[in-house]
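These notes concern the structure reproduced below.
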Number of protein chains: 2
Amino acid sequence: MNNRDDIVEKLKSSGVTPTTQRVEIAQILFARPQHLSAEQILEMANEGSSTASKATVYNTLGLFAKKGLVKEVIVDPSKVFYDSNVSRHFHFFNTDTGMLTDIPVDAINFDKLPELPEGTESSSLEVIVRIKNS
Amino acid sequence: MNNRDDIVEKLKSSGVTPTTQRVEIAQILFARPQHLSAEQILEMANEGSSTASKATVYNTLGLFAKKGLVKEVIVDPSKVFYDSNVSRHFHFFNTDTGMLTDIPVDAINFDKLPELPEGTESSSLEVIVRIKNS
DNA sequence: TATAGCGTTAGACAAAGTCTAGGAATGCAG
DNA sequence: CTGCATTCCTAGACTTTGTCTAACGCTATA
């Protein structure tokens, strides 16, 4: 998933027109499963050959999230993380270091889940285990 | 828990000196189980008899959270909610309305939880069910 | 009455994110 | 190819939440 053609294909098949900037950002995100902030992505994008403005980075991340290419992870009040792993999983968030790490799906099991309020549907189930150094 | 003396006692027994502003803010929070943002609390505090500055509201909420009087809930990237219910429970977050509601503990059951990373301890386990209007 | 220490304050500041207005690229019709 | 519409990108202004700073007030104790 680090090769440009695969990325272009991936974008297209999600209904995203693969512009230079979008492909650049997608390459950063999909290089490996990771958690990046918008700031980090902006910085990384501008180290590479092409560049992208702040507005474009935010627009693109919003678009990717809407299309399901990326998952927004809200654990730190000061910034949102973009997770390139969209398969079902959960998170540890270390409040001492600010580090976000994955918990595999099969490490948690629910045997009971709540009924949703009338007139609503679920869009995601998040589990965050906040940890600190001991 | 809406009576001033009870609140003063509650603060004292958590090691918080009960100043005018802190009692005012505590009264707002503990009037009933609810989820309020700092902005809302600031506004409500300044409708009442005494007043509190922005800095004091933020300081006080941070102090209350540290002392376990209140729980920070991070679900909306734009603001943190302060939850006056500190007993174990989980949350629905409606992304259409921005409304945060409780899920009682017994509506969710885990039969498997992950091991923590080496050298860390858990500080909280959060479950957030994101919902939208259907 | 002096002093120390904590709490509060206004307002400046910081950082993440949004908005706007215009320009560049792309694609399509004729 | 030319003209036109549409989509995308951009710089920079702006907004909002939250933090910081420096001065001031309050209370308690000696």
Side-chain angles (χ1 to χ4, degrees), chain A residues 7-8 11-12 14-28 35-46 48-67 69-83 93 95 98 100, chain B residues 7-8 11-12 14-28 35-46 48-67 69-83 93 95 98 100:
Chain A
I7 299 252
V8 168
L11 296 187
K12 275 191 195 161
S14 297
V16 173
T17 310
T19 65
T20 309
Q21 289 80 357
R22 287 170 183 172
V23 172
E24 169 94 15
I25 292 169
Q27 281 190 300
I28 292 168
H35 309 105
L36 296 171
S37 67
E39 285 300 292
Q40 284 178 296
I41 293 164
L42 176 57
E43 198 182 321
M44 290 166 84
N46 291 325
S49 44
S50 53
T51 64
S53 71
K54 191 171 150 186
T56 298
V57 169
Y58 279 96
N59 285 342
T60 300
L61 291 171
L63 179 65
F64 284 7
K66 207 179 77 183
K67 297 294 188 174
L69 287 163
V70 121
K71 208 159 52 174
E72 292 180 332
V73 183
I74 298 159
V75 285
D76 181 328
S78 75
K79 58 176 167 279
V80 0
F81 285 103
Y82 291 86
D83 190 343
F93 183 63
T95 48
L100 189 60
Chain B
I7 298 254
V8 169
L11 294 188
K12 276 192 195 160
S14 296
V16 173
T17 311
T19 65
T20 309
Q21 289 80 355
R22 288 170 182 173
V23 173
E24 169 94 15
I25 292 168
Q27 281 189 301
I28 293 168
H35 309 106
L36 296 172
S37 67
E39 286 298 291
Q40 284 179 296
I41 293 164
L42 176 58
E43 196 182 322
M44 290 165 84
N46 291 324
S49 45
S50 53
T51 64
S53 71
K54 192 171 147 185
T56 298
V57 169
Y58 279 96
N59 286 342
T60 300
L61 291 172
L63 178 66
F64 284 7
K66 206 179 78 184
K67 298 293 189 175
L69 288 162
V70 122
K71 209 165 35 180
E72 292 180 333
V73 182
I74 298 158
V75 286
D76 182 329
S78 76
K79 57 175 168 280
V80 1
F81 285 104
Y82 291 87
D83 189 344
F93 183 63
T95 47
L100 189 60

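Below, chain A is the first sequence line, B the second, and so on; all start at residue 1.
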- Looking at every strand, decide which applies to B/T17 at a 4.0 Å heavy-atom threshold: base, sugar-phosphate, or nothing. sugar-phosphate

- What does B/S53 touch in the nucleic acid at a heavy-atom separation under 4.0 angstrom: a base, only the sugar-phosphate, or nothing? base

Scan nucleotides 17-24 of chain C against the protein and return all N/O pairs shorter than 3.5 Å with their distances rounded to 0.1 Å.
{"unit_1": "C/dG17", "atom_1": "OP1", "unit_2": "A/V80", "atom_2": "N", "d": "3.1"}
{"unit_1": "C/dG17", "atom_1": "OP2", "unit_2": "A/Y58", "atom_2": "OH", "d": "2.9"}
{"unit_1": "C/dG17", "atom_1": "N7", "unit_2": "A/K54", "atom_2": "NZ", "d": "3.1"}
{"unit_1": "C/dG17", "atom_1": "O6", "unit_2": "A/K54", "atom_2": "NZ", "d": "2.8"}

- Item | Any side-chain heavy-atom pair of B/L69 and B/L11 under 4.5 Å | yes

- Here the distance between atom P of C/dT9 and atom CG of B/L42, to the nearest Å, is 10 Å

- Query: Base, sugar-phosphate alone, or nothing: which one does B/T51 contact when heavy atoms must sit under 4.0 Å apart?
  - Reply: sugar-phosphate

- Query: With sequence neighbours left out, what residues match B/S14 under side-chain hydrogen bond (donor to acceptor under 3.5 Å, both in side chains)?
  - Reply: none

- Specify the separation, in whole Å, of atom CZ of B/F64 and atom C1' of C/dG7. 13 Å

- Task: Nearest whole angstrom, please: distance from the P of C/dT26 to the CZ of A/R22.
- Result: 13 Å

- Item | Rounded distance (Å) that lies between atom C1' of C/dA10 and atom CG of B/N46 | 13 Å

- Item | Letter per nucleotide, 5' to 3', of nucleotides 24-30 of chain D [B base touched, S only sugar-phosphate touched, - untouched; heavy atoms, 4.0 Å] | -------

- Message: Ignoring hydrogens and geometry beyond distance, is a side-chain donor-acceptor pair present between A/E24 and A/S50 at under 3.5 Å?
- Response: yes

- Is there a side-chain contact between A/L42 and A/Y58, using heavy atoms and a 4.5 Å cut-off? no

- Message: C/dT26, OP1 or OP2 - any side-chain N/O from A/T19 closer than 4.0 Å?
- Response: no

